[in-house]
2 protein chains.
Amino acid sequence: MTDEQDTVDGRKLRGQRRRAQIIEATLTIVRRDGAAGVTHRTVAKEAGITTSLTLYYFATLDDLLVAALTSVTNAYTRRIRQLIDTEGDPLDGLARLIAESAGPGRERALAERELSTLAARRPALRPAARSWRDNVAELAQTQTDDPDAIEAFVALCDGLCAAILLDDHDADPDHIRAVLSKALLGTNR
Amino acid sequence: MTDEQDTVDGRKLRGQRRRAQIIEATLTIVRRDGAAGVTHRTVAKEAGITTSLTLYYFATLDDLLVAALTSVTNAYTRRIRQLIDTEGDPLDGLARLIAESAGPGRERALAERELSTLAARRPALRPAARSWRDNVAELAQTQTDDPDAIEAFVALCDGLCAAILLDDHDADPDHIRAVLSKALLGTNR
DNA sequence: GTACAACTAGTACGTACGTTCAACTAGGTT
DNA sequence: AACCTAGTTGAACGTACGTACTAGTTGTAC
């Protein structure tokens with residue numbers, strides 16, 4: 001939003017900063033109007049810049065969508081990796097992450113799902129779309145060695161998010177935690 | 001495609017037939033280009049009629065999308081209900097249905113997912129989007145009384161479909177059957 | 001200071017969009 | 001016969017789209 005420090009570290013950095021600004025504006029659009037609302041014009045307007053500028057940084061809409069999706073998934077990757085690396089209970093952390101889809105994280109989760117669905121059409125988006133699943137699988141791998149259980153666990157997490165998004169009902173982290181544990185370890189605890 | 005029998009049962013029926021024709025053309029578009037490709041013009045062109053005619057039957061694009069999604073989910077509902085009502089193993093039937101997402105049923109499954117994702121934005125689409133989950137839950141209810149297990153089972157089915165669609169890998173019905181059984185009944189058989 | 005590359009801005013072209021509208025056709029009714 | 005109404009058509013409205021192009025501006029290197 002604020003552009004006061006454009007010239008801090010020279011030219012190159014300013015460009016990267018612009019990129020980040022444009023990506024953020026894109027995500028704002030996706031959250032508000034869905035992926036279909038993303039156009040060079042709407043993004044430029046949201047960012048308060050000219051249309052040509054978004055085109056300068058992202059030659060095609062695909063480039064822009066890929067960058068936006070990557071940005072979202074990167075945020076999730078960081079959080080899940082944190083869950084794996086820290087001492088706490090990973091399943092509990094993941095359950096809370098999933099439960100967020102019903103609350104303040106709804107828009108972000110929705111943005112991720114919209115862009116993932118888009119990935120089925122646009123191959124360029126696929127690697128980014130897969131990263132959420134890969135990360136969840138990695139987390140599951142710290143709990144069990146059974147590949148079938150891991151596969152089911154990943155699918156379960158995805159389905160739970162989808163259910164929360166579609167039904168728009170409240171989500172109880174403890175309940176989700178119990179369901180996850182049952183699926184992965186065969187026990188509720 | 002063929003309109004030779006338009007006047008079989010009088011005027012009113014011909015209208016319903018047109019509706020069906022337009023819906024089918026819409027689904028063809030969704031399968032080929034995604035939900036974003038659905039416009040009055042593209043649908044009309046696909047159906048070989050004029051733009052005004054699609055507008056005559058479906059005043060807004062939302063109406064058209066709702067009708068298309070309902071048509072898809074109705075087809076699934078029929079098949080799942082058939083699995084429930086017949087003597088065979090429902091889990092096996094469901095596993096085969098899910099596995100179809102990798103083969104000839106991929107486009108239909110993809111269309112359903114695209115339209116379901118759209119439902120998160122357009123409330124009008126939600127009831128239709130929920131019906132797949134409701135049907136799977138009903139099927140699960142014939143196997144267990146544990147509501148948590150049913151919830152997890154539905155989420156699992158949804159996630160499995162998504163995984164198949166996104167990864168585009170082959171799906172083994174027997175393997176899926178085993179995963180489903182494990183999740184719902186706690187056993188692989 | 002001059003030169004060059006990165007960046008910004010404005011404008012314009014062709015296309016497609018949703019929607020409206022007046023006119024035309026063809027069964028069905030009276 | 002005249003009439004009515006659902007169905008159908010083609011043309012047009014204003015708007016927004018992706019993209020291209022030219023011209024200007026800045027920051028950095030020499």
Side-chain angles (χ1 to χ4, degrees), chain A residues 1-26 29-30 32-68 118 121-122 124-125, chain B residues 1-26 29-30 32-68 118 121-122 124-125:
Chain A
M1 293 291 170
T2 64
D3 277 356
E4 292 125 8
Q5 300 173 320
D6 265 8
T7 55
V8 167
D9 275 356
R11 183 180 8 112
K12 201 76 173 286
L13 182 70
R14 191 170 75 200
Q16 284 307 105
R17 204 178 288 229
R18 267 279 189 257
R19 277 185 75 93
Q21 180 196 10
I22 294 173
I23 288 174
E24 188 161 340
T26 304
I29 303 279
V30 174
R32 192 206 308 140
D33 306 322
V38 174
T39 73
H40 281 126
R41 282 175 166 82
T42 57
V43 169
K45 189 172 182 180
E46 176 65 33
I49 57 180
T50 60
T51 309
S52 326
L53 204 43
T54 69
L55 258 152
Y56 177 78
Y57 285 98
F58 302 95
T60 79
L61 272 185
D62 258 28
D63 293 343
L64 186 52
L65 288 170
V66 168
L118 223 70
R121 301 278 176 201
R122 316 205 191 190
L125 287 169
Chain B
M1 293 293 170
T2 63
D3 276 357
E4 293 123 8
Q5 301 173 318
D6 265 9
T7 55
V8 168
D9 276 356
R11 182 176 12 107
K12 200 75 172 286
L13 181 72
R14 193 169 72 197
Q16 284 307 106
R17 203 179 290 228
R18 265 280 189 258
R19 277 184 75 91
Q21 180 197 11
I22 294 173
I23 288 174
E24 187 161 340
T26 304
I29 303 279
V30 174
R32 192 207 307 141
D33 306 323
V38 174
T39 73
H40 281 128
R41 281 176 166 83
T42 56
V43 169
K45 187 172 183 181
E46 176 65 34
I49 57 181
T50 60
T51 309
S52 324
L53 201 46
T54 68
L55 261 151
Y56 177 77
Y57 284 97
F58 302 95
T60 79
L61 272 185
D62 258 27
D63 292 343
L64 185 51
L65 289 170
V66 169
L118 221 72
R121 301 278 177 201
R122 316 206 192 189
L125 287 169

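Atom CZ in R18(A) sits roughly 17 Å away from atom P in dT25(D) (whole-Å rounding). A straight line from CD of Q21(A) to C1' of dT8(C) spans 13 Å, rounded to a whole angstrom. Look at CD1 on I22(B): it is 10 Å from P on dT9(D), rounded to the nearest Å. In this structure, CD1 of I29(B) is placed 14 Å from P of dA16(C), rounded to the nearest angstrom. Taking atom CG of residue D62(A) and atom P of nucleotide dG18(D), one finds them 12 Å apart after rounding to whole Å. The separation between R19(A) atom CZ and dC7(C) atom C1' is 14 Å, rounded to whole Å. L61(B) places its CG atom 12 Å from the P atom of dT20(C), with the value rounded to the nearest Å. Taking atom CZ on F58(A) and atom P on dT19(D), their separation rounds to 14 Å, with Å as the unit.
What you find for A68(B) and I23(B) is that their closest heavy atoms are CA-CG2, 4.0 Å.
OP1 or OP2 of dT8(D) has not a single side-chain nitrogen or oxygen of Y56(B) nearer than 4.0 Å. Using a 4.0 Å cut-off, some side-chain N or O of T39(A) falls inside it from OP1 or OP2 of dC17(D).
Of all nucleotides listed (dT8(D), dC17(C), dG18(D)), dT8(D) comes nearest to the side chain of Y57(B). Closest to the side chain of T42(A), from the set dG18(C), dA9(C), dC17(D), is dC17(D). In this structure, of dA6(C), dT19(D), dG7(D), it is dT19(D) that holds the atom nearest to the side chain of R41(A).
The line from CZ of R18(B) to OG1 of T54(B) is 11.0 Å long, rounded to the nearest 0.5 Å. Once rounded to the nearest 0.5 Å, the distance linking OH of Y56(A) with CZ of R19(A) reads 11.0 Å. Rounding to the nearest 0.5 Å places CZ of F58(B) at 9.0 Å from NE2 of H40(B).
Here S52(B) lies in heavy-atom contact (under 4.0 Å) with a base. Among the protein residues, L55(B) comes within range of the nucleic acid bases, having at least one heavy atom under 4.0 Å from a base atom. The residue T54(A) sits apart from the nucleic acid: no heavy atom pair falls under 4.0 Å.
A donor-acceptor distance shorter than 3.5 angstrom exists from the side chain of T26(B) to the backbone of I22(B), with no hydrogens or angles considered.
For T51(B) and H40(A), each mapped to the nucleotide of DNA chain D holding its nearest heavy atom, the one lying further toward the 5' end belongs to T51(B).
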